[in-house]
> 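Can you read through this structure? Questions will come right after.
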Amino acid sequence: MADHPSASSAASSFVTYELRGNIAHIGLNRPEKRNAISDRFVETIAETVARAESEAKAVVLFGHGDHFCAGLDLAEHVKKTPIEGVRGSRRWHAVFAGIEHGTIPWISALHGAVVGGGLELAASTHIRVADKSAFFALPEGQRGIFVGGGGSVRVARLTGVARMTDMMLTGRVASADEAERWNLAQYVVENGTARDKAHQLAEAAASNAEISNYAVINALPRIQDMAKEDGLFVESFMASFTATSPEAEERLRAFLEKRAARLKAPGSA
Ligand code: 1HE
C-alpha cells in the first residue's frame with residue numbers, strides 16, 4: 001500500500017499542517033485510501049498534535065479529498081496478533097486523548113465518510129461541524145471487529161448507548177442532519193463550507209482566556225464522570241482558579257468599563 005507523499009508544510013507524510021494566524025489547519029491527507037488511518041498515520045497525527053499544542057491557540061481538523069476519514073486502515077489489520085491489536089488500540093487512545101485533553105480547542109470540519117475510526121477521531125475533537133455531504137457510520141460489526149479508537153466511550157457519550165448500539169448492530173448510516181440530532185455534530189452547513197465555519201469557531205474559541213478553554217476541555221468532561229456533589233465541588237475550585245487569574249481581572253474590568261464587546265442576540269445587527 002503506497003503512502004501518500006508529504007504535502008505542504010507537514011511534519012511528515014499523511015497530514016498537512018498550516019498555521020493561519022494562531023489557528024492550525026490540520027488536514028488528513030491520504031485521499032487515495034479515503035484517509036484510512038494506518039499505524040504510521042497515527043504517529044503522524046501524534047506529531048502534529050504536539051506541534052499544534054506548541055504554536056496554535058486552536059485547531060481545525062479536516063480531510064483532503066472527498067471524505068473526512070474511512071477509519072482504521074483495514075489492509076493493515078487483516079493479520080494481527082491479539083497483543084498487536086491491543087497495542088494499536090491503546091496507541092489510538094493515547095493520541096486521541098492528547099486531542100481531547102490537551103490545552104487547546106479542536107474543531108473538526110466533516111464531509112463525506114466519517115466512519116469507524118474516523119468518527120472516533122471526530123469524537124475526540126471538541127466541536128464537530130458537518131457539511132451536508134457528511135455521513136456517519138460504525139461498520140465495525142460488518143468487518144468482524146469492534147471499535148478500538150475510544151468510540152465505546154466517546155461516541156456512546158455523544159449519542160447515548162442506544163443509538164450507538166443501533167449503529168453498530170444494524171450498520172445504520174446517519175446523514176448530517178441526523179448526526180446533528182444525535183449530537184454527533186454541533187453544526188450542519190452547506191457543502192464545502194465546513195472548514196470555513198470551523199475556522200470561524202476556532203477564532204472565537206482562540207479569543208477566550210486560555211485557562212478558561214483549558215477548564216472547558218479538561219474539567220468539564222471529567223466532571224461528567226463524577227458524582228453530582230463531587231462535580232459541584234470541583235466546579236467551585238475551577239471557577240475560583242480561573243476567576244482569580246490576572247487575565248480574568250483584566251477581562252472583567254474591560255466589560256465593566258465598557259471596553260468589551262456586548263453579546264448580540266441571534267439575528268440582530
Ligand atoms: C480503505 C479503507 C479502509 C477505503 N482501510 N483501505 N472502515 C470501513 O469499513 C469503511 C470502508 N470504506 C468504505 O466504505 C468506502 O471506501 C468509503 C465509503 C469510505 C469511500 O467509498 P469510495 O467508493 O469513494 O472509495 P473505495 O473505492 O471504496 O476506496 C478507495 C480506496 O481506498 C480503495 O483502495 P484501492 O487500492 O482499491 O484503490 C479502498 O480499499 C481504500 N479504502 N477505506 C483501507 N478503511 C481503531 S478501531 C476502528 C475500526 C474501524 O475504523 S472499522 C471501519 C473501517
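We count ligands from 1, going down the list as the structure has it; atoms in each ligand are counted the same way. Bear in mind the structure is a predicted one, so any value in this text is a computation, not a measurement.
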> Any nitrogen or oxygen of Lys33, side chain or backbone, less than 3.5 Å from one on ligand 1?
yes
> Quick check: Leu72 and ligand 1, any N/O pair under 3.5 Å apart?
yes
> So, 4.0 Å and heavy atoms of Glu76: is ligand 1 close enough to count as a contact?
no
> Counting heavy atoms only, which of Gly149, Ala70, Gly116 comes nearest to atom 7 (N) of ligand 1?
Ala70
> Under 3.5 Å, side chain of Thr125 to main-chain N/O of Ala122, donor-acceptor pair present?
yes
> Just which atoms of ligand 1 are under 4.0 Å from any heavy atom in Gly117?
48 (C), 50 (C), 51 (O)
> Of the side chain and backbone of Leu138, name the one, both, or neither that has a heavy atom under 4.0 Å from an atom of ligand 1.
neither
> Is there a donor-acceptor pair closer than 3.5 Å between any side-chain N or O of Ser245 and the backbone N or O of Phe241?
no
> Going by the angle between their ring planes, with limits at 30° and 60°, are His67 and Phe135 parallel, tilted or perpendicular?
perpendicular
> How are the rings of Phe62 and His64 set to each other: parallel, tilted or perpendicular (split at 30° and 60°)?
perpendicular
> Can you tell me how far apart CD (Gln200) and CD1 (Ile107) are? Round to the nearest 0.5 Å.
11.0 Å
> Quick check: does Arg34 get an N/O under 3.5 Å from an N/O on ligand 1?
yes
> List every atom of ligand 1 that sits less than 4.0 Å from any heavy atom of Glu120, numbering the atoms from 1 in the order shown and giving each element.
46 (C), 47 (S), 48 (C)
> Could you check whether any side-chain N or O of His126 sits under 3.5 Å from a backbone N or O of Trp106, counting only pairs where one atom can act as donor and the other as acceptor?
yes
> Do you know which of Glu76, Lys33, Glu43 makes side-chain contact (heavy atoms from CB on, under 4.5 Å) with Ser38?
Glu76
> Please report the interatomic distance NE2(His101) to OG(Ser124), rounded to the nearest 0.5 Å.
9.5 Å
> At a non-hydrogen distance cut-off of under 4.0 Å, which region of Arg143 contacts ligand 1 (side chain, backbone, both, or neither)?
side chain
> Using non-hydrogen atoms of the residue, decide whether Gln142 is closer than 4.0 angstrom to ligand 1.
no
> Tell me whether Pro139 has any N or O atom under 3.5 angstrom from an N or O of ligand 1.
no
